[in-house]
Every structure is written in structure tokens, then in C-alpha cells.
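Encoded as C-alpha cells, the structure appears first; notes follow it.
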Amino acid sequence: MLYDAAPTITLPAARSRLRETVSRFVATIAHSLGDSKADAASRTSAFDDLLTTLKEHAAAIGFGRMDALARAIAARAWPRITHTSMRKARCKS
């Protein structure tokens with residue numbers, strides 16, 4: 001085999017990576033807006049609060065795809081995904 005299989009990532013690790021990525025993005029926007037409180041709080045906030053801050057900061061910088069961002073935040077299907085539901089999905093396919 002020429003290529004190794006892609007590394008498997010667990011659901012908790014994926015959630016953690018997503019949270020870290022959103023947190024860094026919020027901190028970057030907050031820093032550019034001069035909002036030091038949000039910059040520091042982004043590292044310790046609950047994920048829902050982090051998403052709310054992301055939406056507010058994105059609006060403040062004039063983010064061009066606010067509708068898409070708002071839909072993604074409203075949908076945020078990833079917390080409803082569980083190991084059990086993933087196993088059931090695999091069994092159906």
C-alpha cells in the first residue's frame with residue numbers, strides 16, 4: 001500500500017478541535033476590535049456562549065456571510081451526534 005490510512009479522530013477530539021478553532025477565531029476578531037475581555041473570555045467560555053460571541057464579533061467587523069454563519073450556528077448539529085448514533089448510521093449503510 002502506497003499510502004497510510006487516514007488517522008482516526010474520536011468524536012471528543014473532534015469537538016475539542018472545533019472548540020479550539022472557534023475560540024482562536026473569536027480571540028483574533030476580538031483582538032482586532034480591541035476587545036480584551038472577549039479575547040480572554042473566549043478561552044474559558046461555554047461553546048454556546050463562544051458561538052454567540054462569534055456571531056456578534058462577525059457582525060461588528062462586517063462579515064459578508066452573516067446569513068450562512070447564523071444558519072450554521074442555529075443548526076449546530078454536532079452536539080447531537082453521539083457514538084451510539086454514529087454506530088447506528090454505520091449499520092444502516
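Note that the structure is a prediction, hence the values are computed from the model and not measured.
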Report task. Output yes when a side-chain donor or acceptor of Thr28 lies under 3.5 Å from a complementary backbone atom of Arg24, and no otherwise. Result ->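 Yes, Thr28 side chain to Arg24 backbone: donor-acceptor pair under 3.5 Å.
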**Report entry** CG-OG distance between Leu11 and Ser16, expressed to the nearest 0.5 angstrom
**Finding:**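 Atom-to-atom, Leu11:CG and Ser16:OG are 11.0 Å apart.
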Requested in this report: Look up atom CZ in Arg15 and atom CZ in Phe47, then write down how far apart they are to the nearest 0.5 Å.
Outcome: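 Answer for the CZ-CZ pair, Arg15 versus Phe47, is 10.0 Å.
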Query - Residue list, side chain to side chain contact (heavy atoms under 4.5 Å, CB included) with Glu56, at least two apart or on another chain - result: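 Glu56: side chain to side chain contact (heavy atoms under 4.5 Å, CB included) contacts with Thr52.
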Query - Nearest heavy atoms of Lys55 and Met66, plus distance in Å - result: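 Heavy-atom minimum between the residues: O-CE, 3.6 Å.
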**Report entry** Closest non-hydrogen atom pair between Val26 and Leu50, with its separation
**Finding:**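 Looks like CG2-O, 3.9 Å.
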Query raised in the report: Can you check whether Ile29 reaches Leu54 side chain to side chain, under 4.5 Å on heavy atoms?
Result: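 Yes, side chains in contact.
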Query raised in the report: Taking side chain as C-beta onward, heavy atoms only, is Asp67 less than 4.5 Å from Arg71?
Result: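 They are in contact (side-chain heavy atoms under 4.5 Å apart), so the answer is yes.
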